[in-house]
Amino acid sequence: WKDILDEMAYHITTTGDADVHVICPDQSCVSEVEHFMIQLAGADPDRVHIEVAATDSIWIRDYGPRYVYQDDVRVIVDHTYNRPRPNDNNVPAFFGDERGHDVYEIPLVHGGGNYHLDSTGYGYTTRLINNENPELSEQEIADLFEAYQNLYTFFWDPYPSYIDSTQHIDMWMQVIGDDAVVISEWPANPNSTQAQISDQAASDFADRGYTVHRVPARRLNNGHYTYTNVVMCNDLVMIPQYSNTTMLPHNDEALAVWEEALPEHEIVQIDSQAIVTYSGVLHCIVMHMPAHLGGENPTAYLESPRGGEVWDPGDVVPIEWASDDREGVTDVDLLLSTDGGANYDHVITEGISDSGQFNWTVPDLATDQARVRVVVHNEAGLTGSDESPADFTIDGEPAAIPGDLTGDGVVGGADLGILLSEWGPCADPDDCPADLTGDGTVDGADLGVLLSNWTN
């Protein structure tokens, strides 16, 4: 199985023009990766990143991390792994911590190989997930996927467990574009339950305007042989091939279908005989990590405040944010605007660690146009930012306006009248409101202060 990973890493880091992250349980494994994956298989050493953490199995597709974008920031949506493998179940939290990515827990038990998606807002699963979450209705499961991943989900019945013990959708279907899909067909069992499920899915996709490509599938010697359990990486598609004699003719047939379906892609066959009888192939042992959207610049997403809040001076409220960068965010600044985002000239704090939260003591001021901006920095000195999309309110006492002698919040003719009526030396310097300069006399200097703040 490690040989399969090594070969895939070579293609991913060269033809696929992407990076590979390898999670190793110990330093011995790190040495193996450096020797077998990089030196012998030829993976690009600059594109192989090794993390050390305990795992229980190779089936990372099922436990994640599964990524989504929150605006321009990558974050992880984590589920409870449907196998009793606690180390595997902890991998998304570990990886999120290593990369500085937020982790959101979707309250579902399932295996990630039972969920496909496309770029047009749709997800696909089998009703295995209904069985794994009996306390939830199908609609409630769909609502959770929409809330956490912004996807409308289609459900199909799973293959019988005696055909595929995982009952995962990636064993018989792969979305390959906005309007194209590859689905298994069963030439040796055309009327079987699994064939009917695949045919119904193919019909459903065709009715939605998709181009449907069909590849053969067989159940042989306790193995579900599939050509849909593939890995797509940019312009590279890695598909399984098998040395089982019954499957040999199907290898060429499947390759021809994939080449016709994706003529602009490089289609590479990976010998998967060693793993297919263990109820999984290539897609099951790789998890996709999307690209950082900021390029060389870090990105940020302000989670709160988002607008509409009302706070009093002295309240302690959390400012929360998520950040992203190819190499990592080094420090963070938080700024306040009191004019609806026209200016962020109040510094809340500067140069703090990228913890994702700062407890802010609301200052003593009054505005209904407050906004917060988070600015993130990386080691190259580049920055990214995000701010509140709407105003919030700080309900403090308005600051006194010099010259507002009536206390009505404006400086106008009534205030001028009071100042002129008190012109000259103050009878009581401690009770002389028109003495705006505090020199004991109401004169031209005080008039200048009033006129400079004239509002009415």
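In what follows, every heavy atom counts, from backbone to side chain, and hydrogens, waters and symmetry copies are set aside.
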Does any pair with a residue in [range] pass salt bridge (charged side-chain N to carboxylate O under 4.0 Å, His left out), and if so which ones, sequence neighbours excluded?
range            : answer
residues 246-272 : none
residues 351-379 : Arg371-Asp391, Arg373-Glu387
residues 304-316 : Arg306-Asp386
residues 81-109  : none

Next on the checklist: For Phe95 and His21, I'd like to know if the aromatic rings sit close, meaning centre-to-centre distance below 6.0 Å.
Outcome noted: yes

Next on the checklist: I'd like to know whether the aromatic ring centres of His283 and His168 sit less than 6.0 Å apart in this structure.
Outcome noted: no

Is there a donor in the side chain of [X] and an acceptor in the side chain of [Y], or the other way round, less than 3.5 Å apart?
X      : Y      : value
Asp178 : Ser119 : yes
Thr226 : Thr228 : yes
Tyr63  : Asn90  : no
Asn234 : Asp17  : no
Asp164 : Trp172 : no
Gln200 : Asp204 : yes

Next on the checklist: Using the ring pair (Phe, Tyr, Trp, His ring centres under 6.0 Å) criterion, which residues pair with Tyr210? Sequence neighbours excluded.
Outcome noted: Phe205

Checklist outcome for this item: By ring pair (Phe, Tyr, Trp, His ring centres under 6.0 Å), His101 pairs with (sequence neighbours left out) Tyr67

Checklist entry - Which word best sums up how the rings of Trp1 and Tyr278 line up, parallel for under 30°, tilted for 30 to 60°, or perpendicular for over 60°? => result perpendicular

Checklist entry - In terms of ring plane angle, is the pair Tyr124 and Tyr122 parallel, tilted or perpendicular, where the classes change at 30° and 60°? => result tilted

Next on the checklist: Suppose the criterion is disulfide bond (SG atoms under 2.5 Å apart): which pairs have a residue in residues 10-82, not counting sequence neighbours?
Outcome noted: Cys24-Cys29

Item to check | For Trp311, side-chain hydrogen bond (donor to acceptor under 3.5 Å, both in side chains) partners two or more places apart | outcome: none

Next on the checklist: If the condition is side-chain hydrogen bond (donor to acceptor under 3.5 Å, both in side chains), which residues does Glu320 pass it with, not counting sequence neighbours?
Outcome noted: Ser304

Donor-acceptor contacts under 3.5 Å from residues 179-189 side chains, at least two apart:
from: Trp186; atom 1: NE1; to: Tyr159; atom 2: OH; distance (Å): 3.0

Item to check | Cys233: disulfide bond (SG atoms under 2.5 Å apart) partners, not counting sequence neighbours | outcome: none

Checklist outcome for this item: Distance col, row Leu236:CG vs Leu262:CG, nearest 0.5 angstrom, shows 11.0 Å

Item to check | Of all pairs that satisfy side chain to side chain donor-acceptor pair (under 3.5 Å), the ones with a partner from residues 24-34, not counting sequence neighbours | outcome: Lys2-Glu32

